[in-house]
There are 2 protein chains.
Amino acid sequence: MLLSKSCVYGLRAALYLAAKNDGEYHSLREMSEELNISFHFLTKILQQLTSDGLMESYKGPNGGVKLSEKGKKATLFDMVIAIDGPGLFTQCALGLPGCGSQEPCPLHESWIDTRASIENMLRRTTLIKIAEEGKAKHFRLTAEGKFSW
Amino acid sequence: MLLSKSCVYGLRAALYLAAKNDGEYHSLREMSEELNISFHFLTKILQQLTSDGLMESYKGPNGGVKLSEKGKKATLFDMVIAIDGPGLFTQCALGLPGCGSQEPCPLHESWIDTRASIENMLRRTTLIKIAEEGKAKHFRLTAEGKFSW
DNA sequence: TAATTTAAAGACATTAAACTCTTAAATAGA
DNA sequence: TCTATTTAAGAGTTTAATGTCTTTAAATTA
Ligand code: FES
Ligand code: FES
């Protein structure tokens, strides 16, 4: 898969929060149930996004997480970088160490173009924008489509 | 990573054979040493390509593997399908089961375009063509660049 | 202060990918 | 026929990703 499971779960959760778009904290329990993601696993992932500054968390009753100001401006690219790191956008298609025009592998020229088109696609869209669209068009965010924006 | 390690190793080996472009069988021992790939692991991968008809193998002294006729016409896409399967070209970017315009996820429209551009990139080039270019321009095929076409 | 709710942190378990080893089967050549 | 060479097949191991559980810390409510 292009993105790791952690990354996909993080994205779904971020889109959930972006769709709510209230300033409220939403608990991980609520989100894990709505989105059909393991509670503890989701916790791990969102901790990472919180420490990365894309989300803010609050402990105690009525606590939870919400998008930070930074998170509200974030693109899908920012999310992928935060969770999976930059590898997808920097690594050689043949897995060779270092990827550059200095000592390219046979796939280099083709791959850097394709890689850039993936990156552009992810940079193009903010969480908020895609969540608004999802809400308007009733796109699905879970396996069963049972989640309603 | 976009492609699995198995897939990358398979590609490197296929490019090795495509570059030789003699009708000869090349032993797995030779290839694993030239390409810095674990002998036994490479064996597994090439067995798969052989049973898929992209390569032919021959046992005994002076045996080994070579590209089949099908393999000589094969593109990078054919190789990826043979080793990693079609998932990359069919699956939902958010990991949801089934991916189609029937019940799209919020990334669907963006993703199918990007996915197609990956697929086109891989379909565009045959092993032979890319190996010829690699040979002509002395591109590297191993970590240290020690392999010489 | 005490009880409850929630995230944080980290240990632990499971699974799938990556890698290794051993034995069997086919072929060639002495 | 015997031995060496090579792929085939399959079992076994290691490692990294994924998923679960327990304990701790912070905040709220009573
Ligand atoms: S060196 Fe291989 S893709 Fe750049
Ligand atoms: S449904 Fe998600 S990418 Fe097609």
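A, B, ... follow the sequence lines: proteins, then strands. Residue 1 opens every chain. Values below: all heavy atoms of this structure, side chains included; hydrogens, waters and symmetry mates excluded.
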Exercise. Please check the phosphate of D:dG19 (OP1 and OP2 only) for any side-chain N or O of A:Tyr9 closer than 4.0 Å.
Key: yes
Quiz prompt | Neighbour count >12 (heavy atoms, 6.0 Å) for atom NZ, B:Lys70 | solution = yes
Practice problem: Have a look at B:Leu28 and say if it touches a base, only the backbone sugar-phosphate, or nothing, with a 4.0 Å heavy-atom cut-off. | Solution: sugar-phosphate
Quiz item: Rounding to a whole Å, what distance do you find between B:Ile83:CD1 and C:dA17:P?
Solution: 14 Å
Quiz item: In whole angstroms, how far is the C1' atom of D:dT18 from the CE atom of A:Met1?
Solution: 11 Å
Quiz item: For the pair made of CD in A:Gln47 and P in D:dG19, what is the distance, rounded to whole Å?
Solution: 16 Å
Quiz item: Any side-chain heavy atom of A:Lys5 sitting closer than 4.5 Å to one from A:Ile45?
Solution: no
Self-check item: Of residues 29-43 of chain B, the positions that come close to DNA chain C - non-hydrogen atoms, cut-off under 4.0 Å
Solution: B:Ser38, B:His40, B:Phe41
Quiz item: Would A:Thr75 and A:Asp78 count as a side-chain hydrogen bond (donor to acceptor under 3.5 Å, both in side chains) if you check the C-alpha gap in whole Å, the side-chain angles of each, and the deciding distance to 0.1 Å?
Solution: CA-CA 5 Å; A:Thr75 62; A:Asp78 298 321; 3.1 Å; yes
Quiz item: Would one find a side-chain N or O of A:Tyr58 under 4.0 angstrom from OP1 or OP2 of D:dT28?
Solution: yes
Quiz item: Taking OP1 and OP2 of C:dA7, is either one under 4.0 Å from a side-chain nitrogen or oxygen of A:Thr50?
Solution: no
Quiz item: Could you give the CD-to-P distance, from A:Glu56 to C:dT6, as a whole number of Å?
Solution: 19 Å
Exercise. Classify the ring geometry between A:Phe41 and A:Tyr9 as parallel (under 30°), tilted (30 to 60°) or perpendicular (over 60°).
Key: perpendicular
Self-check item: DNA chain D: 5'-proximal contact among A:Lys5 and B:Pro61 (nearest heavy atom)
Solution: B:Pro61
Exercise. Identify whether the distance between the nearest side-chain nitrogen and carboxylate oxygen of B:Glu132 and B:Lys129 falls below 4.0 Å.
Key: no
Exercise. Measure from the side chain of B:Lys59, starting at C-beta and using heavy atoms only, and say which of D:dT18, C:dA18, D:dA8 lies closest.
Key: D:dA8
Quiz item: Could you give the CD1-to-C1' distance, from A:Ile45 to D:dA17, as a whole number of Å?
Solution: 11 Å
Self-check item: Atom pair distance, as rounded to whole Å: CG in A:Asn62 and C1' in D:dA26
Solution: 14 Å
Quiz item: Are the side chain of A:Lys135 and the backbone N or O of A:Ala19 linked by a donor-acceptor pair below 3.5 Å?
Solution: yes
Quiz item: Considering only C:dA8, D:dA9, D:dG19, which nucleotide approaches the side chain of B:Lys44 most closely?
Solution: D:dA9
Quiz item: Rounded to whole angstroms, how far apart are CG on A:Asp84 and C1' on D:dA16?
Solution: 14 Å
Quiz item: Tell me: CG of A:Leu3 to C1' of D:dA17, nearest whole Å?
Solution: 15 Å
Quiz item: Once the angle between the rings of A:Tyr16 and A:Phe147 is folded into 0 to 90°, is it parallel (under 30°), tilted (30 to 60°) or perpendicular (over 60°)?
Solution: tilted
